[in-house]
Number of protein chains: 2
Amino acid sequence: MSYVTLEDIARQVHKSVATVSQVLNGKDGNGIRVGKETREKILKVSRELNYRPNYNARQLVTKGTKVIGLLIPDIMQMFFNEVTYHLSRRLSTAGYDLLLAHSYEDPVPEKREIETILSRRVDGIVVAPACGKENIPLFKEISDSGVPLVLMDRYFSGESFYSVTTDDVQGSYELFKHIVSRGAGRIAFISGNPDTSVTMERLEGYRLALEEAGIPYRGDLVIKSGYFQKDGYERAKTLIQSGKIQECDAVSGVNDSVALGILEALWEAGLKVPEDILVSGYGDERFSGYLGCPLTTVRQPASEVADRTYSLLMDVIKGRDVLTKDIKVSCSLRIRESTDGS
Amino acid sequence: MSYVTLEDIARQVHKSVATVSQVLNGKDGNGIRVGKETREKILKVSRELNYRPNYNARQLVTKGTKVIGLLIPDIMQMFFNEVTYHLSRRLSTAGYDLLLAHSYEDPVPEKREIETILSRRVDGIVVAPACGKENIPLFKEISDSGVPLVLMDRYFSGESFYSVTTDDVQGSYELFKHIVSRGAGRIAFISGNPDTSVTMERLEGYRLALEEAGIPYRGDLVIKSGYFQKDGYERAKTLIQSGKIQECDAVSGVNDSVALGILEALWEAGLKVPEDILVSGYGDERFSGYLGCPLTTVRQPASEVADRTYSLLMDVIKGRDVLTKDIKVSCSLRIRESTDGS
DNA sequence: TTTATATGATTAAACGTTTAATCAAGGAGT
DNA sequence: ACTCCTTGATTAAACGTTTAATCATATAAA
C-alpha cells in the first residue's frame, strides 16, 4: 500500500535525504562525497526495507521517464506482433519500458491514446498510424514541440516525419515479376483501400511488373476490397460467379488473410491451385507456410523494422544527426506451392 | 521539449494555479467554486496552449497512476498475444494504460522487470510467471505489501495468490478421452518440463483419461522434452528410429508447436496422419486449423482469461471482496483431421 | 600559527500537481 | 447595523525526488 521513501531510509541512518539519494544513484563526483561507512549502511538499510525509487517523482526533476510509447492498430496482426516483440526486447536492454496502446485502425482512439501517452511524459513515441489523415496535424504538433516521434510501417507522403517502413513497392514488384515468370499474364488483384500507403505501394509494384513485362494494365482486374479473410472470399466468389475467373491466370490478395479467403472460394468452386490458377498473398503470416497449399507471399522483416525503428528513435532522442529521415527496409519473396507447380 | 504547466495557464488568465487545477479536473464541490467566466477562459487557454497534465506529478499527490503492468514470457506466443490484446482493450476503456514487459521464461529478467514496474507505481500488476519458483518470495512480498497482483495462465500450487488460469486438466482429459474413443490405446505423450503447472496439468488429464478407459499408464510413452517445434520433431524422430513408433496408435504434443514438429517427423518417415497414426496438440495456434492435415487440439479461451483477469484485478484494486481467488476457465476441444479420418 | 584544501556531509530550492484551509466581499435576513 | 451565508477565489502544504550551493571539521601546507 505505501512505499518506502528516501526519507524513511534517511531517518534510520541518521543522515539527510540528499546523502541517501546520492548513494543510491551511485554517481559520485556531483560535488558531494559520501563516506564509505555511511554508504554501506545506506545500501544495507535500503535493501532491508525493499526501497524502490519512485520514478514519477524522479521524472519531475530529471525530465526523463525511460518509457517509450508504442501505438499500433492491432497487436493480433502478425507483423505488429513481431515488431512489438523485438522492439520491446531492444528497449528493455537499453533500460526503457514500453507503454503499449491500440488504435484499432481508428483515428479517434488513436488521438486519445496519444494524448495520454504524452501526459505520461514518455521519452519517445513510436506509432503505426491508423488509416486516414485526420491525425496528421496532431503528429505535426507533437513532433514540432520536440517530442521524439517515429512513424512505423506506414507514412504520409509529402510530410516529413521520421519513419521506418517496408519497401512494399519493391516487394510487390518482385512478387508479380515472379508470377509473370510462371506464365501468368492476366492477374487479378484484390486490393484494400487505395488511399492507404499499404495498398498504394503494393498496387504500384503490380503495375511496374506488368509494365516491364509489356502486359497491359486492366482496371477491371483490380478489385477494391477490405483487408480480411472474408473480403478475399467474397470478391473471389463474385469473380467466379461472374465467370471472369476464366480470364485469369492468377489471383492475388493484398495480404495473406485476403489470399486465404481467395483460396477458400477457389477450392469451394473446385478449382485447383496452382494447376488451374495461381494465388499469392503478402505478409507471410504464421499460417501461410502451413496451408494445405502453402502460399507464395512476401515476407516483411519485422525484426529489422523494429531494430531500425529503435535506432532511429534513439538517434532522435539523443539529438544525434540522422542521415535518412525515411528508412525503408526491403522485403523478400517467399515462393511456395500456390504459384509453383514443380 | 518543454510542456505547458498549470502555472503557464494561471499566469495568462491572472488566476491562481489551484483555480486552474480545479477547473481542468472539473470536479466542482471540493469546497472551492469557480465563476463561469473564469472557467471558460481557463478552458479556452488550456486548449490553445495544448495543455497536457503531467500524470507523474499527479501521481505524487493522488497516489494513482492508472497504469497496469503486464509481464509475460513472450508475446509471440499466440495465447499471450490474444490475452494482451483483450486485456489492453478492457483496460483502455476503463481509462488504464498498459505497461508491457517480457520475462522470456527467465526468472532473472522477470525479477528485474517487476522491480521497474513497481518503481513506476502502477495501480496493479498482471503476471504470467516464468517457469521456476525463484520469484515466489518476490510475488509474496509485493502481494503482502498491498500491491494488487493477479497471476495469469500459470499458478503456484500451495500459494494463495489471486490467479486466473485455464483448466488444462479438464481440457487435456477431454482431448485424450476423444483420442481413446477413436480407438487409440497406446498414446505417446511428448511433454514439457513436468515441474511446470502447464505440463503437469496436461499430463494429469492424460492420466485421467487413460485410467477411465482402463488403459495402463506406460512411463516409457511419456517423453520429457521442450516446448518448441524442433523438440517435437527430434523426439518423434527418435521414436521412429527406435521402432517404438510401431507400438503407438497416437502421438500427442504438449502444445501445437511440438505437435507440428511431430507431424513433420512422421511425414518425413512416410507415415500417414490420421490413417497410420493419430496426432494432437494443445493451444489451437493460428496455423493449426490450416495445416496440410488440420490438427486436433484444445482451445484455450484467451479472451475469457483476459476478461476474468481484468475483473479480478479491478476487484482487488477497488478493495471489493473476491469470491474465488483462483479462477479457472475451461477449454474446448477442437476436433480436426489429425485424429479424425472421416 | 595561520591558511588552504580535502572530506563528509547538510540545506534549500525546484519539478507539476492536488487539496485542505482560509479569506474577501457582497447580499440576505433580522 | 449587525450577523450569516454564498460566491469566487487564494494560500500553503504535501507528494518523493534531484542537485546546486553551502557548511563544518580535520588535516596538510606554508
Side-chain angles (χ1 to χ4, degrees), chain A residues 1-43 46 49-67 116 118-123, chain B residues 1-43 46 49-67 116 118-123:
Chain A
M1 210 62 171
S2 96
Y3 285 87
V4 174
T5 69
L6 286 183
E7 214 191 326
D8 295 330
I9 299 177
R11 219 179 302 116
Q12 278 215 18
V13 301
H14 304 291
K15 292 282 162 249
S16 75
V17 166
T19 303
V20 177
S21 173
Q22 278 306 327
V23 169
L24 295 179
N25 288 313
K27 41 181 170 192
D28 236 337
N30 216 348
I32 154 169
R33 292 156 297 266
V34 183
K36 196 176 175 198
E37 207 169 323
T38 40
R39 168 182 307 280
E40 279 166 2
K41 204 160 158 197
I42 286 171
L43 287 170
S46 118
L49 298 184
N50 283 316
Y51 171 71
R52 295 185 242 262
N54 183 331
Y55 288 179
N56 302 301
R58 181 180 289 173
Q59 187 274 327
L60 275 190
V61 21
T62 62
K63 305 297 172 195
T65 50
K66 286 285 188 174
V67 176
T116 84
L118 287 170
S119 270
R120 301 202 184 278
R121 299 297 188 264
V122 295
D123 289 349
Chain B
M1 209 62 172
S2 95
Y3 285 88
V4 174
T5 70
L6 286 183
E7 212 190 328
D8 295 330
I9 299 176
R11 216 178 304 116
Q12 278 217 18
V13 301
H14 305 292
K15 293 281 165 240
S16 75
V17 167
T19 304
V20 177
S21 173
Q22 277 306 324
V23 169
L24 295 179
N25 289 313
K27 42 182 168 191
D28 235 337
N30 216 349
I32 154 170
R33 292 156 298 267
V34 183
K36 198 177 174 194
E37 210 168 319
T38 41
R39 169 181 308 279
E40 277 167 1
K41 205 160 159 197
I42 286 172
L43 287 169
S46 118
L49 297 184
N50 283 316
Y51 172 71
R52 295 186 242 262
N54 183 331
Y55 288 179
N56 303 301
R58 180 180 288 174
Q59 187 273 328
L60 275 191
V61 21
T62 64
K63 305 296 170 193
T65 50
K66 285 284 188 177
V67 175
T116 84
L118 287 170
S119 270
R120 301 202 184 279
R121 299 295 188 264
V122 295
D123 289 349

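Reminder, nothing fancy here: chain letters follow the sequence lines and each chain counts from 1.
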Rounded to the Å, how far apart are [X] [atom1] and [N] [atom2]?
X: B:Leu118; N: D:dG16; atom1: CG; atom2: C1'; value: 16 Å
X: B:Arg121; N: D:dC15; atom1: CZ; atom2: C1'; value: 11 Å
X: B:Glu7; N: C:dA14; atom1: CD; atom2: C1'; value: 11 Å
X: B:Leu24; N: C:dT17; atom1: CG; atom2: C1'; value: 11 Å
X: B:Asn25; N: C:dT17; atom1: CG; atom2: P; value: 10 Å
X: B:Leu6; N: C:dC15; atom1: CG; atom2: P; value: 13 Å
X: B:Gln22; N: D:dT7; atom1: CD; atom2: P; value: 16 Å
X: A:Lys36; N: C:dA9; atom1: NZ; atom2: C1'; value: 18 Å

Could you pull out all residues at least two apart from [X] that satisfy side chain to side chain donor-acceptor pair (under 3.5 Å)?
X: B:Thr116; result: A:Asp97
X: B:Ser21; result: B:Asn25
X: A:Thr62; result: none
X: B:Thr38; result: none

Rounded to 10 degrees, the angle between the two terminal axes of the helix from C:dT1-D:dA30 to C:dT30-D:dA1, each from five pairs:
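It works out to 60° between the end axes.
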Distance test, side-chain N/O of [X] to OP1/OP2 of [N], below 4.0 Å:
X: A:Thr38; N: C:dA9; answer: yes
X: B:Lys63; N: D:dG16; answer: yes
X: A:Ser21; N: D:dT18; answer: yes

Just compare C:dG8, C:dT17, D:dT19 and give me whichever is closest to any side-chain atom of A:Arg33.
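Closest nucleotide among those given: C:dG8.
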For nucleotides 10-12 of chain D, list the nitrogen or oxygen atoms of the protein found under 3.5 Å from its nitrogen or oxygen atoms, one pair per line.
residue	atom	partner	partner atom	Å
D:dT10	OP1	B:Ser16	N	3.3
D:dT10	OP2	B:Ser16	N	2.9
D:dT10	OP2	B:Ser16	OG	2.8
D:dT10	OP2	B:Thr19	OG1	2.6

Please check this pair: side chain of A:Arg52 against backbone of B:Arg121, looking for a donor-acceptor N/O pair closer than 3.5 Å.
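Not a single qualifying donor-acceptor pair exists.
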Would you say B:Ser119's side chain and A:Tyr55's backbone share a donor-acceptor pair under 3.5 angstrom?
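No; zero donor-acceptor contacts below 3.5 Å.
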Who are the side-chain contact (heavy atoms from CB on, under 4.5 Å) partners of [X], not counting sequence neighbours?
X: B:Ala10; answer: B:Val17, B:Val20
X: B:Ser46; answer: B:Ile9, B:Leu24, B:Tyr51
X: B:Ala57; answer: A:Leu60, B:Asn54

Any salt bridge (Lys or Arg N to Asp or Glu O under 4.0 Å) involving residues 57-67 of chain B? Give me the pairs, sequence neighbours left out, ordered by first then second residue.
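Of all non-adjacent pairs touching residues 57-67 of chain B, none passes salt bridge (Lys or Arg N to Asp or Glu O under 4.0 Å).
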Residue pairs involving residues 4-15 of chain B (criterion salt bridge (Lys or Arg N to Asp or Glu O under 4.0 Å); sequence neighbours excluded):
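Applying salt bridge (Lys or Arg N to Asp or Glu O under 4.0 Å) to every pair that reaches into residues 4-15 of chain B, excluding sequence neighbours, yields B:Asp8-B:Arg11.
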Nearest-nucleotide wise, let me know which of B:Gly35 and A:Tyr51 is further upstream toward the 5' end of DNA chain D.
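In this pair, the answer is B:Gly35.
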Near-strand residues of residues 54-62 of chain A, defined as heavy-atom separation under 4.0 angstrom from DNA chain C
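Only A:Leu60, A:Val61 qualify.
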Output the distance between atom OG1 (A:Thr19) and atom NE2 (A:His14), rounded to the nearest 0.5 Å.
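Between A:Thr19 OG1 and A:His14 NE2, I get 13.5 Å after rounding to 0.5 Å.
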